[in-house]
2 protein chains.
Amino acid sequence: MPKRVDPEARRELVADAVIEEIAAHGIRSVTLARIAARAGLAIGSIRHYFGDTLREVMRFTMGVLMQRAARRATPLSDDPVARIVDVIAFVAPTSDQEHRENIALVEYRVMARTDPELAADIAATSFAAEEVIHSLLREALADRAVDEEALHREALLLLTLIEGFSFSSALSSASLHEKDIRAVVTATMHRLRDAYPPSDEAVEGAAGGPEADEQS
Amino acid sequence: MPKRVDPEARRELVADAVIEEIAAHGIRSVTLARIAARAGLAIGSIRHYFGDTLREVMRFTMGVLMQRAARRATPLSDDPVARIVDVIAFVAPTSDQEHRENIALVEYRVMARTDPELAADIAATSFAAEEVIHSLLREALADRAVDEEALHREALLLLTLIEGFSFSSALSSASLHEKDIRAVVTATMHRLRDAYPPSDEAVEGAAGGPEADEQS
DNA sequence: ATCTATTTGGCATGACCATGCTAAAAAATC
DNA sequence: GATTTTTTAGCATGGTCATGCCAAATAGAT
């Protein structure tokens, strides 16, 4: 028996075992026994840290997945278009672990459809993600004449691409190529911008703005 | 006891009960008992028509879902762009039943990820669908100068949109609006076409072709 | 050394459910 | 009417697994 266990570390370790099991055999196969086998622990040694129930294990793991996804989706670029590409490209796992996490998250989302408690947890994250996309899109089209309805429709396009990449990536044994995703999204963004004329404000105030850069 | 039961009709009835149960409580909740309750039959009266096992019930139901989806996705228009819009818009259920069928199909696809037998059945359909999109895209871009790599990337865009609409529709309690989907896909297709210059052949042979129509 | 807190571990029980199998009832055929 | 086929129906059994609960071992505090 080791010294004092760090409860948070234990929970994280168990969550990773859950994720592995989901990725390998689907969320329906997750049991305490299987988690224990993967984590190299006895069932009791898991339950103790999760209020004794499998359900708490599952809820905690879902929380871990959502946190990790949010962390990966943080845009790094300054250019609004590139920020959107970054956010969407996060779906392209650059490692096996990220691929597995995406799979697990998709399985959770499907399960949450018919589980009100899980659904509530997920809804908050989904709402935040949509807000981010809307906001980024506003920035990317700040110099274009776009009405609210069109903005909404373009956001729908981007959000649908995100869902599509996430879903197809989860169903595919091989992860998507980040290069392909970036190419598709970048082309989509450029075409999207080109579909709207520069706005009067942008033309008047664009002495050294992105408009000049874009035509060079 | 009625007169002779039509086995096919019985199987279809049972499949519909499965679909209802999946839509209501998720695929993980499907049991013979619950199917029986929904179908208004005894368990034995179901098993008899499916080789006695729940698994056969589930496989048959998945087959039904795929057939129905394929039927709905048959394009009707002559215009290549509109055909693609039609195919993609099939994801927008025009009835509650179609919405439920989409949900069930998504849940099956997720389950099939970790079930080789189901995966094999689904793979054939997915492959066929991809071929259709590639083929339709070729037609839609027949008058444009597009190399194979670009064609592949554009197909990826469209396939991703299909997956995105299907997935988000399944997760959403309200079905997507067909109007929105058509608007998004139509705009995407027009921008996609505009991204490629007319090919030399098309210019020479387009005396009364789509190019003339498009500039009017 | 003693006491308390923490960790490990798993038993016992009840719930759930698939499936092998059987049989009775009803319809159809000869 | 007798026989065969079809349909209805569900019992019995074994397997799986979550969870309430208990207890021993170990670490840390006094």
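Here the structure is a predicted model, which is why all the values come from computation and not from measurement. All chains are named by letter (A, B, ...) in the order of the sequence lines, taking the proteins before the strands, and each is independently numbered beginning at 1.
Partners of B:R138 according to the side chain to side chain donor-acceptor pair (under 3.5 Å) rule, which considers only residues two or more places apart in sequence or in another chain, are B:E148. The side chain to side chain donor-acceptor pair (under 3.5 Å) test applied to A:E131 returns no partner, not counting sequence neighbours. Remark: A:T61 pairs with no residue by the side chain to side chain donor-acceptor pair (under 3.5 Å) rule, at least two apart or across chains. Applying the side chain to side chain donor-acceptor pair (under 3.5 Å) criterion to B:R38, with sequence neighbours excluded, gives B:E21. Every residue two or more places apart in sequence or in another chain that forms a salt bridge (Lys or Arg N to Asp or Glu O under 4.0 Å) with B:E12 is listed here: B:R68. Not counting sequence neighbours, the partners of A:E8 by the salt bridge (Lys or Arg N to Asp or Glu O under 4.0 Å) test are A:R11. Remark: B:E163 pairs with A:F167, A:S168, B:R109 by the side-chain contact (heavy atoms from CB on, under 4.5 Å) rule, at least two apart or across chains.
Position along DNA chain D of the nearest nucleotide to A:S29 versus A:G51 favours A:S29 as the more 5'-ward residue.
Look at CD on B:E56: it is 14 Å from C1' on C:dA18, rounded to the nearest Å. Look at CG on B:D6: it is 17 Å from P on C:dA27, rounded to the nearest Å. One can place CZ of A:F50 at 13 Å from P of C:dT7, the figure rounded to the nearest angstrom. In this entry the distance linking CZ of B:R55 with P of C:dC17 reads 18 Å, nearest Å. Taking atom CZ on A:R11 and atom C1' on C:dT7, their separation rounds to 13 Å, with Å as the unit. Rounded to whole angstrom, the span from the NE2 atom of B:H48 across to the P atom of C:dA18 amounts to 19 Å. Atom pair A:I46:CD1 and D:dT19:P shows a separation of 13 Å (rounding to whole Å applied). Atom CZ in A:R28 sits roughly 15 Å away from atom P in D:dA18 (whole-Å rounding).
The ring-ring contact (aromatic ring centres under 6.0 Å, His included) analysis of residues 106-141 of chain B, with sequence neighbours excluded, yields no pairs. A ring-ring contact (aromatic ring centres under 6.0 Å, His included) check over residues 53-88 of chain A, counting only residues at least two apart or in different chains, returns the pairs A:F50-A:F60.
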Which atom pairs link the protein and nucleotides 10-16 of chain C when you take only N or O atoms and keep those under 3.5 Å?
unit_1	atom_1	unit_2	atom_2	d
C:dG10	O6	A:R47	NH1	3.3

For nucleotides 28-30 of chain C, give me every protein contact, N/O to N/O, under 3.5 Å, one pair per line with atom names.
unit_1	atom_1	unit_2	atom_2	d
C:dA28	O4'	B:R4	NH2	3.1

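Residues from residues 107-121 of chain A lying near DNA chain C, meaning a heavy-atom separation below 4.0 Å, are absent.
Considering only side-chain N and O atoms, B:Y49 lies nowhere under 4.0 angstrom from the phosphate OP1 or OP2 of D:dT6. The shortest distance between the side-chain N/O atoms of B:R10 and the OP1/OP2 oxygens of D:dT8 is below 4.0 Å.
No donor-acceptor distance shorter than 3.5 angstrom exists from the side chain of A:R47 to the backbone of A:T53, with no hydrogens or angles considered. Not a single donor-acceptor pair under 3.5 Å links the side chain of B:R153 to the backbone N or O of A:A183. Of the possible polar contacts, none joining the A:R182 side chain to the A:I88 backbone as a donor-acceptor pair under 3.5 Å is found.
Note on B:L32: a base of the nucleic acid sits closer than 4.0 angstrom, heavy atoms only.
Side chain of A:L54, nearest nucleotide from C:dT8, D:dA18, C:dA18: D:dA18.
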